[in-house]
Structures are given as C-alpha cells and as structure tokens.
Participant: 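Got a structure here, written out as structure tokens. Questions coming.
Since the structure is predicted, the reported quantities are computational estimates derived from the model, not experimental observations.
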Amino acid sequence: MDRTLQAIADAISSGSLYALIAMGIALIFGVMRLVNMAYGETVVATIYVAYFLRDQSPVVVIVGMLLAGIVLSVVIERLAFRPLRNASPTTMLIAAFAVSFTLQNAALATVGASPRSVSAGSSLAEVRHLGPVDVPAYSIVTVVAVIVIVVALRAFLVKSTLGIGMRAASEDFDAARLLGVRANSVIRIAFVFSGAIAAVVGYLLVSATGVVTPTSGTTPALLGFIAVVIGGMGSLPAAAGGGFLLGAVTQILQYVLPTDALVFRDAILFSGVLLLLIWRPQGLFINSKTIQERA
Amino acid sequence: MNAATATQTPTREPERLRRQSKLAKLLDTGPHWSTALVLTVVALAAYGLLGLMGFGRDANEALIMLVAVLGLYGYSGTTGIASFGHVGYMAVGGYVAMLVSLPSYVKSYRLTGLPGWLSTMELNPYLALLVAFAAGVVAAAIFGLLVWRLSGLAAGISTLAFLLVIYSVTSGWEDVTGGRGAVPGVPSISAGPTAMVLAVAAIWVTTLFARSRAARLAHAAREDEAAAHAIGARVYVGRWIAMVYSGGLMALAGALYVYFVGSISPDFFYISMMFTLLTYLVVGGMTSITGAVVGTMLVQLLREVLDPLDNGFHVVGVTFDGRPGLRFVVLGLLTLVVLTRRPGGVFNGFELRLPRRKSSQIGADDD
C-alpha cells in the first residue's frame, strides 16, 4: 500500500514537471503552430544565469532567471521565428532545432562542456515526510507551481484583452487579425509567458539535479514535447493533462515491469507514443482534427 | 495542408528563369541523367579539395555523410515530409554491422546476451555492409507501413518518436548492444575507397530513383496531396517505396560510419547527428539531389574552414585560443539564415545538369 502511495506521489511530482514544460511548449504552438524544440535550451540558459549569480541573494537569482528566460524567448522569436511566421510547421520545427543547436554550442563555447554545480534551490532537495510517503520539497513546490501557473494563465486568458486575443488567435489566426488582434503582441506575450515558465522549470530542474551542462535541456524538452503530443497540440489543459499522463504512465511502467525489462521502459513508452500518433494524430484530449490541419 | 506544401516547394518557372540567365541552361526542374554526372564531379572535387587542405580523414567522413544525406533526401526530398528519425536507420545499420562482424572475443566479454550463432559470427565487414543495408530495408518497410498515411507535422513527429524508440533500445539493451558506453574493436575497412565507391553509387542510384515511377507518385503528394489522391495516384505506395529506399541507404551509411570510427555508441546516432544531416539537406535545398550533394560538400568544407574558431589560430599578431563549439554556432546561424531568407535552400528544388544543346526546347530532351 505504501509502495502504491509512493508511486502515486512520484507520478504526480514528475507529471507536474512534464506538465509545466508541456505548457511552455503548447502556449507557443497554440498561437503560431511552432513546435519549440529550443525550449530545453531556454531552460538551460536560465540555469546558467543562476550559476553566474551564485553569490547573489535568492531573490536576485530568481528575478535574474525570470528575466533571462523572458528576454531570450522574445529575442529568439524576433530573430528566428518571426521571419518564418507564414512557413509550414515543419520548416519552423527545423528552425527550432537550428536554434537549439546554436544555443547548445554557444553554451559549449562560452561556459564549456563540464558540469557546473548550481546551488539555487538546493534547499528544496530536502526530503519531507507526508504521512507514509517521502517526497522531496521540490516536488511539492512543482505541484504548487503548476496550480499557480494554470490559475494565473486561465485568469489572463479569460479576463484580459490580450488573453482573449490569444485564445482567438489559437482558434483562427487570420480571422483574429481581421478583427483587430495584434499578431505581434499576441505572439510576443506567448513567448513572454513561455520564457517565464522556462525559468520556473529551470529552477525546479536544478533544485533536483544540482548541476547543469549544455545538453541538460534535451531530455526534459523531449519529454515535455512528448507530453504535448500525447495530450494534444494547441490546447493548454490538454498539454498539461498530457504531462500528468506521461508522469503516470512512466511510474506505472516502473511499477509493473519486471527488473530485467526496466531498461526498456523508455522504449515501451515511446513506442506507445508512436502508436498514439498513428491512431490519433491530434492527441488524446482534443476532439477536432482541424487544429492540426490548419497551417 | 495546402499552405504548408506551397511554402515547402519552390515555385517553378523554368521558362522565365532560362531566359533570364545563361547559368539557367545548367539548371533543370528534375534530375536528368547528367545530373548524376555533374554531381559525381562536384562530390569528388570537394573530396579532393578537402584532401589537399590536409583533412583527409574528414574528407572520408564527408563522403559517408553524403551517403546518409542522400538517404534522407530519398524520403524527405521525394515526399516533402521532413524526417527527424532517419538517423534511427543509421543506428539499425550500424548495430547490425557491428553485431555480425565484431570479433568473437570482444563479444564474449562485452555482449554476453547474444545467441550462440551470433556470438561466434565474424562476417567480413564488406559483406556486413550488405547485411546492414538489408536490415535497414526491413526496418524501413515495417515503419513505413505504419506511417505512410501521415503527412505534415504528425509525420515529422512520428519519425522523431521512432528515433527515440531506437535510441532507448540501443542504450538500454546492455548485453546485446553494449549499452550507452562505446563498444570498441569493430574491424576496420579501407574507408576512403569504400566511401568513394558507395557515395558515387549513391548519387547515381538516387538519381535513377528520383526519376522512377514510385518517386514521381511521392512527388505528386509533395506538391498537393489532395490533388494527387484525386487523380488516383497511389501516393502511399510511392511514400512507402521512398521510405524503404532511404532506410536502406541510411543503414548503409550508418554501417560505414561505424567501420570508419572503429567503435559504436548510441550517442553517435542521436539528436546531434540528426541535426547535422538536416543542416546539410536544408542548406542545399531539401527537394533536389543537387541540393543534397552540394549542400553536404559545402557545409563540410565550411566546417573545416571554420576549424580555427574551435581550435585557435594565430594570424598577423592576433591570437585566438579557440572555443570548441564556436564553429557550430556559426553553422547553426547559417542554417537559420538560409531557412529564413531562402526556405527552399540554395538550389530551391533545381538540379544541375549538363547544358542543353537547344535551350528553347523545354522538356523535349527530358529523356
């Protein structure tokens, strides 16, 4: 019983991190049909900022990370993605890979390949006992962060003019523009939010691992992206749901697979994703096919 | 998906273009047999140039990459679907070649989970290349059946998922693939001549393939999938054959690469290799063989020219220590510039060819 509870706790905690990354990717996919594979590198950049600000107070570190995530996202949008706004999603995906490759090598050329230890958020690594389950403090913070961000985003999307414009833009970008929604503002604000989420992800990620290398972002970004694919592109709740589902499935596989087969956990997981794509290219939590077909 | 197809494929106005420029006599909208001839010369010239510059080893690598890029072209170029997973076939080819040709004493301590017949098999590496090719064909035939209906983004993502599956299997199956660490002791072949022969063969066969019925079916769907279906073109068959051809070629390139390096590890065939190949293809232009070949050779030359950025230089009093990774920053930016300024790549779908005798007879000398 305790083992089951522990597995559920682990599923929720890893699922919330995937959900956060998935939301960062889905926000941008929603408004411009861009699969931002450079998201992992944005996250890594914020962690490097934390590394450079290691002698500063925690508040400075957090503000610095947020600013870095937001500024980098907005700059990438302006330089790499805006010229491709009318290109096909595939071309934009290739461009995103190019950005990711460039940033990774820029980190390699400036900071170097050796792992850097980052103390930001290290206090969160402490294990707390919640009844029968042991969870590190960062897991609790991750869950809280998901809830806060979902509530804040929802308020923004429902109440503010820009947010309503953003929802309109993800329904039909051209029609929204005809009705006076400013394309540049909508897309920029999506990147601002996505960059801020990247900083939160960076903080949570490094509080769990404690180190950063230029390639630390690849796996989290891929998992976040898989979460978006599972849940469904273009809808924030669907993406977040995909993140939690991915966390749950990973834990279930971990729990039920015999020890010999554990090394194939990821292979089974990704095969499932592949079959899901063939069966339901639009994702599990989205009904219409139109969201994918529009380009 | 109409908008997507329109932006991916170049607008073709051969008549206007031909009148505009004498250079245009050397361009064609599809591959001619002489395309293969011109490209063979280009590839070998670049190979020689790299050799003369003192990068003999990298020149061999360039030709192996060329085989892989032609493999990627075989699918992405003909179908218009960007594949992020073809590196997975390289892994299939590389691991199969390693498994059938690795000396049994290495297998006995490193790969303990092999069945008896495989653990003693020490095939000649050149034969192993054939086995690897066959393995790639089989893998692509199976995966191709799964995804032939998908197009656009879903197709691209499914190929990425395929790569992730291959990567997790090769890095997880410790006692058969050697796991994440590198498996040493792979027998060597004379990389230069082999790569040269196979690269030239790949250029010619790919040209033939691009002129085949199957490739033309796939082209039809690349230009306009709905219209292709409407006129009864068996689009999926074309796509499947393109997948099988490119899978075989990629596997061959993967096996060559393993023999060239002398060891194998799952990380050889992962995101960074995928991106390298994609860069080669995108810079030259995804939809023509000329784009694939010239792009590969161009970027490879550029890599060598930019080498001082990584390893330092000393020119007229200016000393730079070198920053490993810096040249890839330049190459990444270059890819972005090409994507944003000229999404069709340098060649934008056009093929090089020998000049026509009568430039006015458009299409008359197609065969």
Participant: Quick one: sort the B:Tyr95 and B:Phe269 rings into parallel, tilted or perpendicular, breaks at 30° and 60°.
Facilitator: perpendicular

Participant: Relative to chain B, which segment of A:Phe225 carries a heavy atom at a distance below 4.5 Å: side chain, backbone, both, or neither?
Facilitator: side chain

Participant: Check whether B:Leu164 gets within reach of chain A through its side chain, its backbone, both or neither, counting any heavy atom under 4.5 Å.
Facilitator: both

Participant: With a 4.5 angstrom heavy-atom cut-off, is it the side chain or the backbone of A:Leu262 that approaches chain B, or both, or neither?
Facilitator: neither

Participant: Salt-bridge test for A:Arg82 and A:Glu77: reply yes if a basic N is under 4.0 Å from a carboxylate O, no otherwise.
Facilitator: yes

Participant: If you count heavy-atom pairs within less than 4.5 Å of chain A, which of B:Leu309, B:Val165, B:Ile166, B:Leu331 leads?
Facilitator: B:Val165

Participant: Apply ring pair (Phe, Tyr, Trp, His ring centres under 6.0 Å) to B:His229 and B:Tyr236, showing your working.
Facilitator: CA-CA 9 Å; B:His229 284 298; B:Tyr236 298 148; 5.3 Å; yes

Participant: Is it the backbone or the side chain of B:Tyr167 that comes under 4.5 Å from a heavy atom of chain A, or both, or neither?
Facilitator: neither

Participant: Can you tell me if B:Arg323 and A:Asn105 form a side-chain donor-acceptor pair at under 3.5 Å?
Facilitator: no

Participant: Of the listed residues (A:Thr102, A:Val263, A:Leu276, A:Leu222), which shares the most heavy-atom pairs with chain B below a 4.5 Å separation?
Facilitator: A:Thr102

Participant: Ring centroids only, cut at 6.0 angstrom: are B:Phe162 and B:Phe84 within range, meaning strictly under it?
Facilitator: no

Participant: If only atom types and distance count, is the side chain of B:Ser76 paired as donor or acceptor with the main-chain N or O of B:Ile81 below 3.5 Å?
Facilitator: yes

Participant: Could you tell me which of A:Ile94, A:Val99, A:Ile268, A:Val273 has the largest number of non-hydrogen atom pairs under 4.5 Å with chain B?
Facilitator: A:Ile94

Participant: Could you tell me which portion of B:Leu339 (side chain, backbone, both or neither) has an atom closer than 4.5 angstrom to a non-hydrogen atom of chain A?
Facilitator: both

Participant: So which part of B:Leu278 gets closer than 4.5 Å to some heavy atom of chain A, the side chain, the backbone, both or neither?
Facilitator: side chain

Participant: In terms of heavy-atom proximity below 4.5 Å to chain B, should A:Thr218 be classed as side chain, backbone, both, or neither?
Facilitator: side chain

Participant: Are B:Thr78 and B:His219 close enough that a side-chain donor and a side-chain acceptor fall under 3.5 Å?
Facilitator: no

Participant: So for B:Phe328, is it side chain, backbone, both, or neither that comes closer than 4.5 Å to the heavy atoms of chain A?
Facilitator: both

Participant: What part of A:Phe264 is in contact with chain B, defined as an atom under 4.5 angstrom from a non-hydrogen atom: side chain, backbone, both or neither?
Facilitator: side chain

Participant: Minimum heavy-atom separation for B:Thr287 to B:Gly77, with atom names?
Facilitator: CG2-O, 4.0 Å

Participant: For B:Thr276 and B:Thr279, does a side-chain donor sit closer than 3.5 Å to a side-chain acceptor?
Facilitator: no

Participant: May I ask you to name which of B:Gly179, B:Gly172, B:Ser168, B:Ala155 has the most heavy-atom pairs under 4.5 Å with chain A?
Facilitator: B:Ser168

Participant: If we define contacts as heavy-atom pairs under 4.5 Å, which of A:Ile278, A:Leu269, A:Leu79 has the most with chain B?
Facilitator: A:Ile278

